[in-house]
Number of protein chains: 2
Amino acid sequence: MSVTSFDVARLAGVSQATVSRALRDMRGTSEATRRRVREAARQLGYVPRQTARSLATSRTRRIGVVIGELGNPFYAALLDPLIARLHERGYLAVVVHDDDVSELDCEPLLDGSLDGAVLATVRAGSAAPEELGRRGVPFVLVNREQAGKWGDVSVADNRAGATLAAELLLGLGHRRIGMIGGPPDTSTARARTEAFRDALAAAGVALSPGLVVHGAFDLATGSDGFDRLMGAPRPPTAIFCANDVLAIGALHRARSSGVDVPSQVSVVGFDDIPLASLAQIGLTTVSADLRTMAVTAVDLLLERLADPALGQRRVLHAATLVRRATHAAAP
Amino acid sequence: MSVTSFDVARLAGVSQATVSRALRDMRGTSEATRRRVREAARQLGYVPRQTARSLATSRTRRIGVVIGELGNPFYAALLDPLIARLHERGYLAVVVHDDDVSELDCEPLLDGSLDGAVLATVRAGSAAPEELGRRGVPFVLVNREQAGKWGDVSVADNRAGATLAAELLLGLGHRRIGMIGGPPDTSTARARTEAFRDALAAAGVALSPGLVVHGAFDLATGSDGFDRLMGAPRPPTAIFCANDVLAIGALHRARSSGVDVPSQVSVVGFDDIPLASLAQIGLTTVSADLRTMAVTAVDLLLERLADPALGQRRVLHAATLVRRATHAAAP
DNA sequence: GTGAAAGCGCTAACAT
DNA sequence: ATGTTAGCGCTTTCAC
């Protein structure tokens, strides 16, 4: 078929094994033969077959990235630095689409075609971490986490972040506060909702059940949630959204229904995705530093590949408040 | 190491070859043994090694997707349906990052680890198409194209789209019109700019060189371009942007510099990325139907894998005008 | 420093 | 219908 290391060997007048060694600059090959081999390889346009190499070494230099719909700007914002970092460190990203509703098919992660995996969409009931752990596939959880004895973790300090949001709104004099939460089986939605509720409670403010809605982390949930909250008998003067996508959905509906933000109602998000900083949006939000979170996840995983004996690690990224244009004092 | 088809064979009391056949439901295996083999495989948690399979068959069920920074919402909007479609058809996407400035490293596309490639970022001088073509790696160009004797093509009808934009603005009475173009070595920027210029000329309106700026397809170029155009001695009353990202950058600057769109200046984009339809943006643009373009690209490629003798094909997707809130009659 | 040879775990052609 | 055997194209001992 196409050109193999045997062809290169023949042209260079050496054995196939020497070609293999020379091309990988292994010690135990003279500079002279290296040059001859390299020249022969160049002449023939030889590219080592990765599949053969993988079969022989059990390493593929490919990492699986399990992530949701990229139409969701949050996932796009997360995937970007993941891919960039993997690329920098000499790995290719194999994207495994997880629609976040049907159970993930783990087989592509277990068939030996990957050196490890980055899981960005685990839920409370996800089987993948347990499955990968038992089979010895190294992985890291990013963004969302799940208790378990395997896998490193790189997540935002969601509790601290939600507390910052609560303190901002309380400081602005808000007392009737609503929340648009995410899926309760995600660690992010859970931690953010609970910490926000706790922080309000600490100030003697209740997060009234009638002013809390839940749904998927998407624009529609944000829009509909905004409607529901503002349609309540006594609507809130501020809304905390469990992530930016929800918040942007809420702002969308605010605009189309003639509610002014922030004079009538404040809106605060979480994540600080790139969209949030667009002039037209100017969302006040909690920054989780997505880029650092992603880079850390990749680094944790690659360190583990280098040293499988490493203990389980969990990196919590500090959250900071980003004040833009969607918050104001309570009316 | 881990469990192989030999282990399954031993447990099921058959030969390894029979395991291979049974698990793939090949004709020439009795239903009884299939059941036994499947049961043994289940018991052992056997997953066929993809690398071994690939080495034996020269097929990997993986497609490379060469694409730019996903921080750019256009690429995210394009990658989403590409991945989804590949997934639907049983393929995994291996994302090969192309930073759009340094020369792409083709090796991952040539090392036999991919059945084919989708190229989304070709430029006039890109070597990849020629390289892949010569080596017999099937590929498809999506979004941007390049002349050449290999590879199928799935692109928008950029000329027709730009003509629609010109007609819209002319119809609104604009005569002093500016343009923010993209990189001149991309087929999209080129076709859109030229067709726009031609359409204006046909109406006796000149696209004055002083009112045309070029740059990368990013927000910064849109912002800076807007500044430059509006700072001209006689600023335009309408600006056509070669894509939505540029247009959103322009809108961003318009807002922060107190220029009202569309009463003072109209802005029209191209692509209709999801962002364009956000209420806060409401960009009037030309829809290229990204999703269909992506799905078509994948289908063209997979058809070619099934039948390599197929002639070269080029699918042009109709462009339509999407009227939102950034266009108005000339002041 | 280099060559010979034995795998890696499958698929597929060839027997039976 | 099933077993035997020969690859696929590398990496990696083990000799020399």
Side-chain angles (χ1 to χ4, degrees), chain A residues 1-38 40-41 44-62 107-108 110-115 135-137, chain B residues 1-38 40-41 44-62 107-108 110-115 135-137:
Chain A
M1 208 180 153
S2 76
V3 33
T4 75
S5 51
F6 282 92
D7 303 322
V8 178
R10 198 172 314 118
L11 181 57
V14 296
S15 74
Q16 179 272 335
T18 296
V19 169
S20 175
R21 284 187 282 244
L23 257 24
R24 285 175 300 142
D25 288 320
M26 285 182 62
R27 58 179 190 75
T29 42
S30 78
E31 189 49 51
T33 47
R34 276 191 209 181
R35 237 193 297 280
R36 286 224 318 288
V37 168
R38 260 200 287 271
L44 298 176
Y46 170 68
V47 177
R49 210 78 81 249
Q50 178 64 40
T51 50
R53 184 172 275 184
S54 295
L55 183 57
T57 60
S58 309
R59 324 196 94 274
T60 64
R61 307 232 27 119
R62 275 147 186 74
E107 201 165 312
L110 305 173
D111 65 9
S113 63
L114 264 20
D115 289 345
R135 293 179 179 264
V137 177
Chain B
M1 206 179 154
S2 76
V3 33
T4 75
S5 51
F6 282 91
D7 302 322
V8 178
R10 196 172 315 120
L11 180 58
V14 296
S15 75
Q16 180 273 332
T18 296
V19 170
S20 174
R21 284 187 284 245
L23 257 23
R24 284 176 300 144
D25 289 318
M26 285 185 61
R27 56 180 192 74
T29 42
S30 77
E31 190 48 53
T33 47
R34 276 191 210 183
R35 238 192 298 278
R36 285 224 318 290
V37 168
R38 259 200 287 272
L44 298 176
Y46 170 67
V47 177
R49 209 79 79 251
Q50 178 63 41
T51 50
R53 186 173 273 184
S54 294
L55 183 58
T57 61
S58 310
R59 324 197 96 275
T60 64
R61 305 223 40 108
R62 274 146 186 76
E107 199 164 315
L110 306 172
D111 65 11
S113 63
L114 265 20
D115 289 345
R135 292 180 180 263
V137 177

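Lettering follows sequence order; numbering is per chain, from 1. Predicted model only: the values in this text are computed from it and were never measured.
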Quickly work out the [X] [atom1] to [N] [atom2] distance and round it to whole Å.
X	N	atom1	atom2	value
B/Phe6	C/dC8	CZ	P	9 Å
B/Leu23	C/dG9	CG	C1'	14 Å
B/Arg34	D/dT2	CZ	C1'	13 Å
A/Arg21	D/dT11	CZ	P	11 Å
A/Arg49	D/dG7	CZ	P	17 Å
B/Arg59	D/dC8	CZ	P	18 Å
A/Gln16	D/dT12	CD	P	12 Å
A/Arg10	C/dG3	CZ	P	14 Å

Self-check item: side chain to side chain contact (heavy atoms under 4.5 Å, CB included) between B/Arg38 and B/Asp25, intermediate numbers included
Solution: CA-CA 10 Å; B/Arg38 259 200 287 272; B/Asp25 289 318; 3.1 Å; yes
Quiz prompt | Comparing B/Thr33 and B/Ala56 on DNA chain D - which has the more 5′ nearest nucleotide | solution = B/Thr33
Self-check item: 5′-ward residue of the pair A/Met26/B/Thr29 relative to DNA chain D
Solution: B/Thr29
[options]: which one has an atom nearest the side-chain heavy atoms of [X]?
X	options	answer
B/Leu55	D/dT12, D/dC8, D/dC10	D/dC8
B/Ser30	D/dT2, C/dG3, D/dG9	D/dT2
B/Ser15	C/dC10, D/dT4, D/dT12	D/dT4

Can you find a side chain N or O atom of [X] that sits less than 4.0 Å from OP1 or OP2 on [N]?
X	N	result
A/Ser20	D/dT11	yes
A/Ser5	D/dC10	yes
A/Thr18	C/dG1	no

Quiz item: Are any of the side-chain heavy atoms of A/Val47 and B/Arg135 separated by less than 4.5 Å?
Solution: yes
Quiz item: Side chains of A/Arg53 and A/Arg49: does their closest heavy-atom pair fall under 4.5 Å?
Solution: no
